[in-house]
Every structure is written in structure tokens, then in C-alpha cells.
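Following: one structure in C-alpha cells, then a few remarks.
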Amino acid sequence: MAVVSTKVASALRLTMKVGVDIKGKDKFATKKLGNLKVSAVDEDIFAIGEAISNIKTYPLFGLGREDQYSLVME
């Protein structure tokens, strides 16, 4: 019995530095943008993330891709 995974959803995660707390530690905010094509390549998603970060108020700290898979036993 083999298990087959199929990608069913993708999302872009932007992490921005939004300031510092009273102890001087960096504070971050995350924005998740879903409904990406599951066939989108990483380079295109990265380019979209950079373009979005250019119009955001806070500086971009990191970009990530979140994929969701369905598992089915054959």
C-alpha cells in the first residue's frame, strides 16, 4: 500500500518587522495570502512577495510558501 500526496493549496506568507517592544525586542507581523495556483513556481511567488513588500509600510523580514497536501492510500 502506497500513500500518494497531491498538492491542493498554496499560500504566500510575508513576515514584516513592525517595531520593537518595551524590552527592545523586535516585533513581527505575518500576512498570509492564499489562493495561489498550486503549480506556481517558487521564483514567481518570490517576485510577487517582493512586489507586495514594496508597497507595504513596514520592512520585509521574510517570505515563505505554505503548501497543503492531500494524502490518499492506493
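Atom set for the values below is all heavy atoms of this structure, side chains included, hydrogens, waters and symmetry mates excluded.
- The shortest side-chain heavy-atom distance between Tyr69 and Lys7 falls under the 4.5 Å cut-off.
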Inset, instruction - Could you check Leu33 against Ile48 for side-chain contact (heavy atoms from CB on, under 4.5 Å), going step by step and ending with a plain yes or no? - result: CA-CA 11 Å; Leu33 305 169; Ile48 291 167; 5.9 Å; no
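- Sorted by first and then second residue, the pairs that involve residues 34-54 and meet side-chain hydrogen bond (donor to acceptor under 3.5 Å, both in side chains), not counting sequence neighbours, are Asp42-Arg65.
- Here Arg13 pairs with Glu66 under the side-chain hydrogen bond (donor to acceptor under 3.5 Å, both in side chains) rule; sequence neighbours left out.
- Applying the side-chain hydrogen bond (donor to acceptor under 3.5 Å, both in side chains) criterion to Asp26, with sequence neighbours excluded, gives Lys17.
- The OG atom of Ser10 lies 3.5 Å from the CG atom of Asp67; values are rounded to the nearest 0.5 Å.
- For Leu71 against Ser5, the heavy-atom pair with the smallest separation is CD2-CB, 3.4 Å.
- Under the 4.5 Å side-chain criterion, counting only non-hydrogen atoms from C-beta, Leu14 is in contact with Leu63.
- Between Ala11 and Gly34, the closest heavy-atom pair is CB-CA, 3.9 Å.
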Inset, instruction - Dump the intermediate steps for side-chain contact (heavy atoms from CB on, under 4.5 Å) on Val72 and Thr6, then the final yes or no. - result: CA-CA 8 Å; Val72 179; Thr6 304; 5.8 Å; no
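- By the criterion of side-chain heavy atoms lying less than 4.5 angstrom apart, applied directly or through intervening Ile, Leu, Val, Met, Phe, Trp or Tyr residues, Leu36 is grouped together with Ile52 in one hydrophobic cluster.
- Within a 6.0 Å sphere centred on CZ of Phe46, heavy atoms belonging to other residues, nucleotides or ligands number 12 at most.
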